[in-house]
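Shown next, in structure tokens, is the structure this report addresses.
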Amino acid sequence: MRLALNDPKLLSDSISVISELVSDAKFKIDSDKLELIAMDPANVAMVAFQLLSSAFTEYKVEKPIELALNLDSFKQILRRAKPSDHLIIELDEEKNKLNIKIKGESTRTFSIGLVDLGERQHKVPKLSFPVDINTSTYVFDEAIEDMSIFADSVVFTVNKERLIVESESRINNAKVEILNDNETKINWSGSEESVKSKYSIEYLKKICKGSKLADNVLVQFSNDYPLKVEFKAKDKLDLVFILAPRVSE
């Protein structure tokens, strides 16, 4: 296996975001993509990541393989790559290590040992949503930051005209309205007049770090139902988060 990237930030930024939720993860690499599906330790959030073969300048995968890594160690290595550097990743099966070469003004080589995660497998659940909200990552990020001032959870309410983002503490509250307009598109397919659900701000702030990978974000949810947040760079990568709701007693 030999993978080469002329834009190392595609991988380094992705791993940096994913490592906010997951410490160890298993990668599946085949002829089309590098893929990761993992749950956070509390089983509150799932992440599904694909870096497509078309994003690489060199992509040699003789057979599908699986390898597990400590993401914190992997992240520290990838952070050493400048945007102008060339990144080469090779698997040393004999030593059970992943070799990462960073070529720029000098050539630096790092070897990271593979970890054993057993037969742990995760599948992305099939979810059905009555609404798709396409908006800019900036608008979504700012709304979550605003909500974090007062509370540790946020309530999303959406109808055909607007997405309402609210948070409330014992004495304070905040509210952001995002209209269905040129910058935000709300595609409604549900039979209800609106849908509403509550989620953790702590997790949402980590998820929002995916905004460094794309200019737009797709947000989907339903009544007291998991939230799906997707960042996509065409022909390069797809990063999806699924967050469990906070259901009121």
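Predicted model, so just to flag it, every value in this text is computed and none were measured. Note that the numbering runs from 1 along the sequence shown for the chain. Note: hydrogens, waters and symmetry copies are ignored here, and every other heavy atom, side chains too, is used.
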Check whether more than 12 heavy atoms from other residues, nucleotides or ligands sit under 6.0 Å from atom [atom1] of [X], and answer yes or no.
X      : atom1 : value
Arg80  : CZ    : no
Gln121 : CD    : yes
Lys212 : NZ    : yes

In terms of the angle between their ring planes, are Phe231 and Phe241 parallel, tilted or perpendicular, with boundaries placed at 30° and 60°?
->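 Plane angle over 60°, so perpendicular.
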Going by the angle between their ring planes, with limits at 30° and 60°, are Tyr199 and Phe156 parallel, tilted or perpendicular?
-> tilted
Would you check if [X] and [Y] make a side-chain contact, meaning some heavy-atom pair closer than 4.5 Å?
X      : Y      : result
Pro245 : Lys198 : no
Arg162 : Val158 : no
Leu179 : Glu161 : no
Ile133 : Ile178 : no
Ile102 : Thr107 : no
Ser211 : Tyr138 : no
Val22  : Leu71  : yes
Lys9   : Lys82  : no

Is the side chain of [X] donor-acceptor paired with the backbone N or O of [Y] at a distance under 3.5 Å, no angle test?
X      : Y      : value
Thr57  : Ala4   : yes
Lys206 : Ile18  : no
Asp40  : Val44  : yes
Asn134 : Leu218 : no
Ser16  : Ser12  : no
Thr184 : Asp181 : no

Could you walk me through whether Ile88 and Thr109 pass the side-chain contact (heavy atoms from CB on, under 4.5 Å) test, one step at a time?
-> CA-CA 9 Å; Ile88 299 169; Thr109 302; over 6 Å; no
Reported [atom1]-to-[atom2] distance for the pair [X] and [Y], which is rounded to 0.5 angstrom:
X      : Y      : atom1 : atom2 : value
Ile89  : Leu11  : CD1   : CG    : 5.0 Å
Glu142 : Thr137 : CD    : OG1   : 10.0 Å
Ile207 : Glu202 : CD1   : CD    : 10.5 Å
Leu10  : Ile15  : CG    : CD1   : 11.5 Å
Asp224 : Ser197 : CG    : OG    : 5.0 Å
Lys236 : Ser14  : NZ    : OG    : 11.5 Å

Can you get from [X] to [Y] by hopping between Ile, Leu, Val, Met, Phe, Trp and Tyr side chains that sit under 4.5 Å apart?
X      : Y      : result
Leu51  : Val124 : no
Leu52  : Met1   : no
Ile29  : Leu91  : yes
Tyr203 : Ile242 : no
Met46  : Leu34  : no

Checking Val115, Leu117, Leu114 against Leu69 for side chain to side chain contact (heavy atoms under 4.5 Å, CB included), the one that qualifies is Leu114
Identified side chain to side chain contact (heavy atoms under 4.5 Å, CB included) counterpart of Ser222 within the set Val195, Val131, Leu227 =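 With Ser222 as partner, side chain to side chain contact (heavy atoms under 4.5 Å, CB included) holds for just one option, Val195.
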What pair of heavy atoms forms the shortest contact from [X] to [Y], and how long is it?
X      : Y      : result
Leu21  : Ala45  : CD1-CB, 4.3 Å
Asn180 : Lys160 : ND2-O, 3.0 Å
Asp116 : Gly118 : OD1-N, 2.8 Å
Ser19  : Asp72  : CB-OD1, 4.1 Å

[X] bridged to [Y] by N-O distance under 4.0 Å:
X      : Y      : answer
Lys232 : Asp215 : no
Lys209 : Asp141 : no
Glu58  : Lys60  : yes

Going by atom types only, do [X] and [Y] share a side-chain donor-acceptor pair under 3.5 Å?
X      : Y      : value
Asn99  : Ser111 : yes
Asp238 : Gln50  : no
Ser53  : Asp32  : no

Apply the test salt bridge (charged side-chain N to carboxylate O under 4.0 Å, His left out) to residues Glu35 and Lys28: give CA-CA distance (whole Å), side-chain angles for both, the deciding distance (0.1 Å), then the verdict.
-> CA-CA 5 Å; Glu35 182 179 45; Lys28 294 183 178 180; 5.7 Å; no
Go through the steps for Val165 and Met147 under the test side-chain contact (heavy atoms from CB on, under 4.5 Å), then give the verdict.
-> CA-CA 8 Å; Val165 186; Met147 295 308 102; 3.5 Å; yes
Please step through side-chain contact (heavy atoms from CB on, under 4.5 Å) for the pair Ile201 and Lys205, ending with a clear verdict.
-> CA-CA 6 Å; Ile201 283 182; Lys205 289 182 74 170; 3.9 Å; yes
Walk me through it: do Lys228 and Val240 pass the test side-chain contact (heavy atoms from CB on, under 4.5 Å)?
-> CA-CA 7 Å; Lys228 182 179 178 182; Val240 174; 3.7 Å; yes
